[in-house]
Amino acid sequence: MELKSMLDAQQFSEERFTKINIIRTPRSMAFMLNFLPGQHMKSHSHPERELYLTVMAGQGTLLIDEQELEVKQGDVIFCTSEEMIGFTNTSDQRVSIYVTMTKI
């Protein structure tokens, strides 16, 4: 058993978005992505892994396989291992996205 606080993972940097690891096991990983207004994560994929993304705070534009999806606090998104995923904080607020990544 391992207990961590998601609130501790809400750490921001003026230089670029942050990825803060929360829990890591051989088969899965939980982490927080944090974006200040205007910050961006380029599109990429996670071969042989599935992702669940939960928007904990804020809103922005998720790019999945070149398709824009407006997301906001409370939204949960599932992504397959083949999908290309990117994000831009298009708001004037901080955005935190909790991610669970599991091996297939």
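When reading the values below, keep in mind they use all heavy atoms of this one structure, side chains included, and skip hydrogens, waters and symmetry mates.
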Under a single-linkage definition using a 4.5 Å side-chain heavy-atom cutoff for Ile, Leu, Val, Met, Phe, Trp and Tyr, are Val71 and Leu36 assigned to the same hydrophobic cluster? no
Pairwise salt bridge (Lys or Arg N to Asp or Glu O under 4.0 Å) hits with a residue in residues 12-39, at least two apart: none
The reported gap from SG in Cys79 to CZ in Arg49 (rounded to nearest 0.5 angstrom) is 15.0 Å
Without swapping roles, check the side chain of Gln39 against the backbone of Val95 for a donor-acceptor pair under 3.5 Å. no
Within the structure provided, determine whether Ser81 and Glu48 are in side-chain contact (heavy-atom separation under 4.5 Å). no
Using salt bridge (charged side-chain N to carboxylate O under 4.0 Å, His left out) as the criterion, list what pairs up with Asp75, not counting sequence neighbours. Lys72
Looking at every heavy atom in both Ser91 and Pro37, which two are closest together, and how far apart are they? O-CB, 3.3 Å
Measuring from atom OG of Ser43 to atom CD1 of Ile85, what distance do you get when rounded to the nearest 0.5 angstrom? 8.5 Å
Is there a path from Ile22 to Phe12 through hydrophobic residues (I, L, V, M, F, W, Y) whose side chains come within less than 4.5 Å of each other? no
Asn34 side chain to Gln11 backbone, donor-acceptor under 3.5 Å: yes
Do the side chains of Met32 and Gln10 get nearer than 4.5 Å, heavy atoms only? yes
Donor-acceptor check, side chain of Asn89 to backbone of Gly38, threshold 3.5 angstrom: yes or no? no
Under 3.5 Å donor-acceptor pairs involving side-chain atoms of residues 53-64, not counting sequence neighbours:
from  : atom 1 : to    : atom 2 : distance (Å)
Thr61 : OG1    : Glu70 : OE1    : 3.2
Thr61 : OG1    : Glu70 : OE2    : 2.8

Please tabulate, one pair per line, all N/O donor-acceptor pairs under 3.5 Å involving side-chain atoms of residues 97-104, not counting sequence neighbours.
from   : atom 1 : to    : atom 2 : distance (Å)
Lys103 : NZ     : Pro26 : O      : 3.3

Are Ile20 and Phe87 linked, directly or through other ILVMFWY residues, by side chains that come within less than 4.5 angstrom of each other? no
Cluster check Phe35, Leu51: I/L/V/M/F/W/Y, side chain < 4.5 angstrom: yes
Contacts satisfying ring pair (Phe, Tyr, Trp, His ring centres under 6.0 Å) that involve residues 37-57 (not counting sequence neighbours) are His44-His46, Tyr52-Phe78
Can you tell me how far apart CD (Glu50) and CD (Glu82) are? Round to the nearest 0.5 Å. 8.5 Å
Sequence neighbours excluded, which residues qualify as salt bridge (charged side-chain N to carboxylate O under 4.0 Å, His left out) partners of Glu2? Lys4
